[in-house]
Engineer: 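One structure coming up, written as structure tokens, with questions to follow.
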Amino acid sequence: MASLIPPATEAEARAIQQALRTQVDTTGPGPQRPATVAGLDVAYAKDERTLAAAVVLLDFATHEVLAESTATGVPAFDYIPGLFAFRELPTLLTALSRLPATPDLLVVDGHGLAHPHRFGLACHLGVLTGLPVFGVGKTRLIGTAAEPGPDRGAHSDLVDEGELVGRVLRTRPGVKPVYVSVGHRIDLDTACAHTLALTPSYRLPETTRAADQACRRALAAG
DNA sequence: GCGACAG
DNA sequence: ATCTTGTCGC
């Protein structure tokens, strides 16, 4: 079955990506006015032997925290750029299953289509859950892009192999931009608009910030 | 062969 | 990812 997680080998992981990538929905447009949005993130122990995942549900308009869930586990796969999703997905899915509500939209740390095989964590999570998802990465995995202008909202296309795979978006004036890409059931314009809506004060989305804090707390707690 | 390489 | 708090600068 294609949803095997974790895969036993690198070859198996690549085969799973290959099988699931056909199920990604990039038609969008996705929720324009979601009532809720959830951020997901993972924190590792110093030795990377254990990890804690967190999902934090926010009111999309006010950014108020509505619910939160966590899970601890072990990395399910070696860290290999391009196969990164297999490492965190199991624990992330456990945490998500514990959330007492279904989010209208998911925002993940990392990339979606801005991936060597167009199937980053945001796509993988989207296909597995069926929910609208987009990714906001802090650094580039693949592709080339011009430096966006200095103003908040300035952006440039992230292109790989002649394909538009995402957008480099400035969320804070004069601050290093983020990498936005489609995961599942949403389009790039909508994902970028939501990213700006979620970054009123900081470089990273409020969803990511809340999830980051939550998983660090969960890791410290045990 | 030499870099690059989400978290 | 993690090692790491307060501090210099706009």
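Letters go in sequence order (proteins before strands), and every chain restarts at 1. Since we're looking at a predicted model, the values are computed, not measured.
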Engineer: Give the B/S/- string for nucleotides 1-7 of chain B, one per nucleotide from 5' to 3', where a protein heavy atom under 4.0 Å of the base yields B, of only the sugar-phosphate yields S, and otherwise -.
Structural biologist: ---SSBB
Engineer: Answer yes if the side chains of Ser156(A) and Glu147(A) hold a donor-acceptor pair under 3.5 Å, and no otherwise.
Structural biologist: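 Checked: Ser156(A)/Glu147(A) side chains show no N/O donor-acceptor pair below 3.5 Å.
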Engineer: Do any pairs count as a side-chain hydrogen bond (donor to acceptor under 3.5 Å, both in side chains) and have a residue in residues 171-183 of chain A, sequence neighbours left out, and if so which ones?
Structural biologist: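 Non-adjacent pairs meeting side-chain hydrogen bond (donor to acceptor under 3.5 Å, both in side chains): zero.
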Engineer: Is there a donor-acceptor pair closer than 3.5 Å between any side-chain N or O of Arg170(A) and the backbone N or O of Pro148(A)?
Structural biologist: yes
Engineer: Checking the side chain of Thr50(A) only, and the main-chain atoms of Ala45(A) only, is there a donor and an acceptor separated by less than 3.5 Å?
Structural biologist: no
Engineer: Figure out the CZ/C1' separation between Arg216(A) and dT4(C), and round it to whole Å.
Structural biologist: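 Rounding to the nearest Å, CZ of Arg216(A) and C1' of dT4(C) are 11 Å apart.
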Engineer: Fit a plane to each ring of His194(A) and Phe60(A), take the angle between them on a 0 to 90° scale, and name the class: parallel (under 30°), tilted (30 to 60°) or perpendicular (over 60°).
Structural biologist: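 It falls in the perpendicular class, over 60°.
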